[in-house]
> 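Have a look at this one.
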Amino acid sequence: MPTFGHMTRAELIEEIKRLEKEEHEKQHQDPTQTEVIRQRRYFALSYLVDPKEITLHTSYRVKGSCAPFTVQYLNGVMAWGNWCEDKQLQAIPLGRLEFSKRE
C-alpha cells in the first residue's frame with residue numbers, strides 16, 4: 001500500500017472510509033487500537049487539506065478537543081501552534097482542524 005503522500009485524492013477518500021469503518025468496528029473492543037486508527041484517519045484527511053485555506057496566527061476548533069488551537073506555522077501536513085494560552089509549541093495533523101470551505 002502506498003503512503004498517504006503518494007495516494008491520489010480518490011485513494012485517500014477510500015482509505016479514510018475504510019479507516020472510519022475499522023474505527024467504528026473496534027470502538028468497543030480496544031480503545032488503544034481505536035485511537036491509533038483515528039490518528040491514521042486524521043493523517044489521511046490531512047493530505048486532502050489545502051494549506052492555503054489555513055491562516056497563520058488564527059485560532060481553530062480542533063476535532064476531539066474543546067480548546068482552541070492557534071496555528072503559528074505549517075510543516076508538511078502538520079500545523080504547529082499553541083493550545084489556548086499555552087506557550088509550548090505542539091503539532092497536530094491538518095486533518096484535525098475544523099474550518100469552512102473544506103470538503
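For reference, positions follow the sequence shown, starting with 1. Every heavy atom of this structure was used, including side-chain atoms; hydrogens, water molecules and symmetry mates were not.
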> Cluster question for you: counting only ILVMFWY and a side-chain heavy-atom cut-off of under 4.5 Å, with indirect links fine, are Leu56 and Trp83 together?
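Leu56 and Trp83: one cluster.
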> To check you understand the geometry: which heavy-atom pair defines the closest contact between Ile92 and Leu97, and what is its length?
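Looking at all heavy atoms of both residues, the shortest contact is CD1-CD2, 3.7 Å.
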> I'd like to know if Glu98 pairs up with Lys63 as an ion pair, taking the criterion as any Lys NZ or Arg NE/NH1/NH2 lying under 4.0 Å from an Asp or Glu carboxylate oxygen.
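Answer for the salt bridge query: no.
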> Do Gln88 and Asn82 have side-chain N/O donor and acceptor atoms under 3.5 Å apart?
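On atom types as modelled, these side chains do not qualify, holding no pair under 3.5 Å.
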> Apply side-chain contact (heavy atoms from CB on, under 4.5 Å) to Glu25 and list each qualifying residue two or more places apart in sequence or on a separate chain.
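Partners of Glu25 by the side-chain contact (heavy atoms from CB on, under 4.5 Å) criterion, ordered by chain and then number, come out as Lys21.
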> Run the side-chain contact (heavy atoms from CB on, under 4.5 Å) test against Thr8 and tell me which residues pass, sequence neighbours left out.
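In terms of side-chain contact (heavy atoms from CB on, under 4.5 Å), with neighbours along the sequence ignored, Thr8 is linked to Ala10, Glu11.
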> Do you know which two heavy atoms are closest between Leu48 and Arg9, and how far apart they sit?
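Taking every non-hydrogen atom into account, CD2-NH1, 3.5 Å.
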> List in chain and number order the residues that pass side chain to side chain donor-acceptor pair (under 3.5 Å) with Thr70, two or more places apart in sequence or in another chain; answer none if no residue qualifies.
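Residues passing side chain to side chain donor-acceptor pair (under 3.5 Å) with Thr70: Ser59.
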> Any side-chain heavy atom of Val49 within less than 4.5 Å of one from Val77?
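No - every pair of side-chain heavy atoms lies 4.5 Å or more apart.
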> Which pair of non-hydrogen atoms, one from Thr34 and one from Lys26, has the smallest distance, and what is that distance?
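Heavy atoms only, the tightest pair is OG1-O, 3.0 Å.
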> Treating Ser65 as the side-chain partner and Val62 as the backbone partner, does any N or O pair qualify as donor plus acceptor under 3.5 Å?
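Not a single qualifying donor-acceptor pair exists.
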> Compare every heavy atom of Pro93 with every heavy atom of Gln39, then report the nearest pair and how far apart it is.
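For Gln39 versus Pro93, the nearest heavy atoms are OE1-CG, 4.3 Å.
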> Suppose we screen for side chain to side chain donor-acceptor pair (under 3.5 Å). Which residues come up paired with Trp80, at least two apart in sequence or across chains?
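Here no residue qualifies.
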> Could you give the distance from CZ (Arg41) to CD1 (Ile16), rounded to the nearest 0.5 Å?
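If I round to the nearest 0.5 Å, the distance is 8.5 Å.
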> Check salt bridge (Lys or Arg N to Asp or Glu O under 4.0 Å) between Glu35 and all other residues, then give those that pass, not counting sequence neighbours.
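Glu35 satisfies salt bridge (Lys or Arg N to Asp or Glu O under 4.0 Å) with Arg38 once adjacent residues are dropped.
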> Restricting to non-hydrogen atoms, name the atom on Ser46 and the atom on Leu94 that form the minimum distance, rounded to 0.1 Å.
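Heavy atoms of Ser46 and Leu94 come nearest at OG-N, 3.1 Å.
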> If the condition is side chain to side chain donor-acceptor pair (under 3.5 Å), which residues does Gln33 pass it with, not counting sequence neighbours?
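Partners of Gln33 under the side chain to side chain donor-acceptor pair (under 3.5 Å) test: none.
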> Which residues pass the side-chain contact (heavy atoms from CB on, under 4.5 Å) test with Cys84, not counting sequence neighbours?
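Partners of Cys84 under the side-chain contact (heavy atoms from CB on, under 4.5 Å) test: Ala67, Pro68.
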> Does any pair with a residue in residues 67-80 pass salt bridge (charged side-chain N to carboxylate O under 4.0 Å, His left out), and if so which ones, sequence neighbours excluded?
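Those involving residues 67-80 do not exist here.
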> Applying side chain to side chain donor-acceptor pair (under 3.5 Å), name anything that partners Glu15, two or more places apart in sequence or on another chain.
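For Glu15 the side chain to side chain donor-acceptor pair (under 3.5 Å) partners, ignoring immediate neighbours, are Arg18.
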> According to the ring-ring contact (aromatic ring centres under 6.0 Å, His included) rule, which pairs have a member within residues 18-65, sequence neighbours left out?
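Every pair satisfying ring-ring contact (aromatic ring centres under 6.0 Å, His included) with a residue in residues 18-65: Tyr60-Phe99.
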> Please name all residues satisfying side-chain contact (heavy atoms from CB on, under 4.5 Å) with Lys17, sequence neighbours left out, ordered by chain then number.
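Counting only residues at least two positions away or on another chain, Lys17 forms a side-chain contact (heavy atoms from CB on, under 4.5 Å) with Ile13, Glu14.
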> At their closest point, which heavy atom of Phe69 faces which heavy atom of Gln90, and how far apart are they?
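Shortest heavy-atom contact: CZ-O, 3.5 Å.
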